[in-house]
Each structure stands twice: as structure tokens, then as C-alpha cells.
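Heads up: the structure comes next, in C-alpha cells.
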Amino acid sequence: MASTKKEEVKLIGFWSSPYSRKVEIALQLKGIKYQYLEEHDLKNNKSPELLKYNPVHKKVPVLIHNGRPVVESLVILEYIDETWTQEPALLPSDPYERAMVRFWCKFIDDKFSPAVRKYLSLGPETDGENARTEAQECLKFLENELKGKKYFGGETIGMIDIVAIGLAFWQRTLQEITDKDLMNKQDFPLLCAWAEELLSCSVISDNLPPKDKFISLIRSRREAAAATSK
Amino acid sequence: MAPQGEVKVLGAWPSPFVMRPRIALNLKSVEYEFVEENPGNKSELLLKSNPVYKKIPVLIHGDKPVCESLVIVQYIDEVWKDSTSILPSDPYDRAMARFWAAYVDDKMFPTMREIVAANEDEAKAAAVALFKEGLSLLEEALVKMSKGKKFFGGDEIGYMDIAFGCYISWFKVTEIVSNVKLFDESATPHLVAWIHSFSSHPAVKDVMPETDKLMEFAKNVVFPRIRAAAAAK
């Protein structure tokens, strides 16, 4: 049922954060109008709004709906789907399929992303064989889950696709910069095709960080990390 | 019409995570078979049903496995929907319940492990202080979410009660073995009352491990493992 009362939706985010972008993609997929508030200095000078609306974690993204904050990206995505029930549905209606979606989303956040990030962050001198194996095992689970589907959500983008967006852009860009062989067409044809399909959708590509700016950011973070570890 | 298919829970008696689906099924008055797993010798059924993590709990409904304790609780809530609701109906209240459930898993349980792992007084005191900060946030959350009633879920146990309450025995054991006081009636009176209400609830009391039995298991098996893992880092 569409709401006719005045709705105020705001999102506090950060341009390079995949979690922030995931929420934007979900809002735009549903056609929800919102005001975007960019955090300018997440590291050293968090805004009063961020501290007020997310006092527990002090992180982005923060969705503020009619003055009430919702935080943590997976919680926000389910909130969006339950509050604005128009198409596309981010979660299916069948309870078992919903359980599968929640399971894979949690897997992506808790196990998959850390494993991939860990391998891609290793310096060239470190023996990354174990980390690479662990990352590839995680990739295999997702490759199997695609099972020839266009998206994890089937014919339309669903919650798993949104949560996995990090792989299609953030982690792929990191892979390019570090020149590491992780997600390749030979071992992961379905995932590679999925990533291309996703990036060809304007609602996705319009909401990704500008690539050059993002590459500069990664490079400067890696240089800073290398400097502090010496 | 009651959902078809028999229900099994693969689990182990000491696990707080295994308690979660059991409480949920009890709340819904759903009959199920509890299959005790030996973590040192995992069954074929467990390995087949949870190939990603190979961990308990696993709910098997008919022939379909569901893994991850809070995913299972939500599944139970959605399948047996004619019974008492576990998650609230309002989307914002649901978001709050999910937020705080994730908070206890991400912050409170790891901090409890830090208390156990600490081998110096300073580190232990710091972990205890962090734990108590979390408790004061949860005290506030309980007051807000309960709207004056006994549980996070209101009159009846809800999602957040299940998510947090499953740790009660472990918190008690940590207090005894590490010689710390975590729950204080003067600091968190509602939480202290809640612990009693939750522990004595009919859907909970038969699946909550007895403190003495758990203490032996913790002292001999789990806590040494936690300390060894911390020392290895």
C-alpha cells in the first residue's frame, strides 16, 4: 500500500563505502526519494548528525526515515523492503527462499568479504597461497549459488545481488590494481558474467564511486598501511 | 494448515546458538527431534546440511536445511506464522530487534571472550568495562523496546530476548570462573529482572544449560581454547 503521508527520507553516507552505496541502490531501485548527506571526514571529524543518529557504531550508512534512524546495512535493506513494499521485492516471499537470501547475505558480509579482502590486501612479499585458497573457496560457493541465473535474485536484482556488489566493483578494482589472479573467467564464469550484467544496469553503474578517484584512494591507503607497518 | 514436514535440530547442549531455534520452536509449540552432535566428530548429516560452515545449529525441515541461528529463528517465525509472533510486526521495531541482536553477537559475546582470555588484571578490567558499557546500552534498549513489560518483545519473549538470552548461562559462568561481576542490580536493574524472567520462561528453562554442568565444560574445554587462541595471536 503506497503511503500518502509526507515522507522524509535521508541517508548519511560516504562516497567510497560499498555499504553506503548498497543502500542508495536499494532506495533507487524502489524509486524512493531521499536526501543524501555526505560525510566529509569519516576518519577524523565525524559530523554531529552521524554521532547523533548512530551513537553506538558511529558509522555510515545511516538511514533516517521521518526522523528515526536505522543503521547496519543488512538491517537497513530489510527495513527498506518491509516499509516500501512496491516492486522490485528485495527478498522473495517464500520463507525458505528468504532464509537462503539471509544466509548468503550474512555469508558475504561475515566470511566472503573478509577472506577476499585479506588476500587482496597482502603485500607482494607475503606468501598468499592459504589466503588465496580460502578466498577462492568462498567464491566457489557464490558461483554455485548463481546456477546459471542472471542475478542471485533470478530475473531481477535482489538483496543478495546488492549485498554482493562489493565483488563486482570494489574487490574487482582492488584485484586489478594488485594484479592478483582471483576472480577470473576460467574459474568463475558465472560470477564474471553476473558482474558484467550488474554493471550494465544504470541503477548500479550510476551509484558506483568514480573509478579513478577510487583507485587513488586505494593506492593512498595501501601506501599509508605499508608505511605504518615498517 | 500446519506446515508439512518433520523438524530436526542438529545441535549441542552447551551452545548458546543452538538454544535460539529450540526456544523459537518451543514458543510456536512445534514438535522437533533434537540431534546431539559431537563437534569433535561431526555427522555426515551435519556436513551435508551445512557445507559452508559445518557448524551447529542446523534446522532441517522436511529435507531442507536452514543454517545460522538467527536466520533459522526468522524462518521459524515466518513458517509457523499462525502462532505467537517472534519478530514485531512494525518494520521499525523489527529493525531495532535485528540491530540489537546483531550487536550482541558482534560486540557482547566477543567481549565476554576477551574477559576470559585476559591473563592480566588490566586487560581483564578493560574488557569488563567494555562489557558493562554494552550492558548499559542494552538496559536502555530493554526499557525502550519492552514499553514497560518484562521482555524486549513486550509481554512475550521476542527476537531480541532469544538472541541475547541464550548467552545468560555463559555470562554466569564467566562471572564465576573469571571472578568478575558483570550484572549489577543498581546499574542495570531491568536486565537483572529480565534474566530471571527469561530463564524461568517455559520455552527456555528446559533448553538452558545448568550453570554447574556448563561451568565444568567451560573450565575444562572452552575457556582453555579461548585462552590458547588469544595467546596464538
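Atom NZ of Lys107(B) is surrounded by 12 or fewer heavy atoms from other residues, nucleotides or ligands within 6.0 Å. Taking a 6.0 Å sphere around NZ of Lys149(A), one finds it holds more than 12 heavy atoms contributed by other residues, nucleotides or ligands. Within 6.0 Å of NZ on Lys28(B) lie more than 12 heavy atoms contributed by other residues, nucleotides or ligands. In Asn144(A), the CG atom is crowded: over 12 heavy atoms of neighbouring residues, nucleotides or ligands sit closer than 6.0 Å. Heavy-atom neighbours of Lys42(B) NZ from other residues, nucleotides or ligands within 6.0 Å: above the threshold of 12.
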Pair Val52(B)-Phe112(A), side-chain contact (heavy atoms from CB on, under 4.5 Å): steps then yes or no: CA-CA 11 Å; Val52(B) 175; Phe112(A) 175 87; over 6 Å; no

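Minimum interatomic distance between Met96(B) and Pro69(A) (heavy atoms only, all atoms of both residues): CE-O, 3.8 Å. Closest approach of Val75(A) to Ala95(B), counting heavy atoms only: CG1-O, 3.4 Å. The shortest non-hydrogen separation linking Ala99(A) to Val71(B) is O-CG1, 3.3 Å.
Neither the backbone nor the side chain of Ala102(B) comes within contact range of chain A; no heavy atom of the residue lies under 4.5 Å from a heavy atom of that chain. Contacts between Arg98(A) and chain B at a heavy-atom distance below 4.5 Å involve the side chain alone, from C-beta outward. Using a 4.5 Å cut-off between heavy atoms, Arg98(B) contacts chain A through both its backbone and its side chain. Of the atoms belonging to Lys81(B), not a single heavy atom falls under 4.5 Å from chain A.
Residues Tyr53(B) and Lys111(A) have side chains in contact (heavy-atom distance under 4.5 Å, counting atoms from C-beta outward).
Judged purely by atom type and a 3.5 angstrom limit, Tyr75(B) has no side-chain atom pairing as donor or acceptor with the backbone of Glu97(A).
Residues of residues 101-108 of chain A lying under 4.5 angstrom from chain B, judged on non-hydrogen atoms, are Arg102(A), Phe103(A), Trp104(A), Lys106(A), Phe107(A) by number.
A distance of 8.0 Å separates CD of Glu82(A) from CG of Leu87(B), quoted to the nearest 0.5 Å. Asp110(A) CG to Glu68(B) CD: the interatomic distance, rounded to the nearest 0.5 Å, is 7.0 Å. For the atom pair CG (Asn66(A)) and OH (Tyr92(B)), the distance works out to 11.0 Å, reported to the nearest 0.5 Å.
Listed options Glu137(A), Glu72(A), His57(A), Met100(A) were ranked by heavy-atom pairs under 4.5 angstrom with chain B; first place goes to His57(A).
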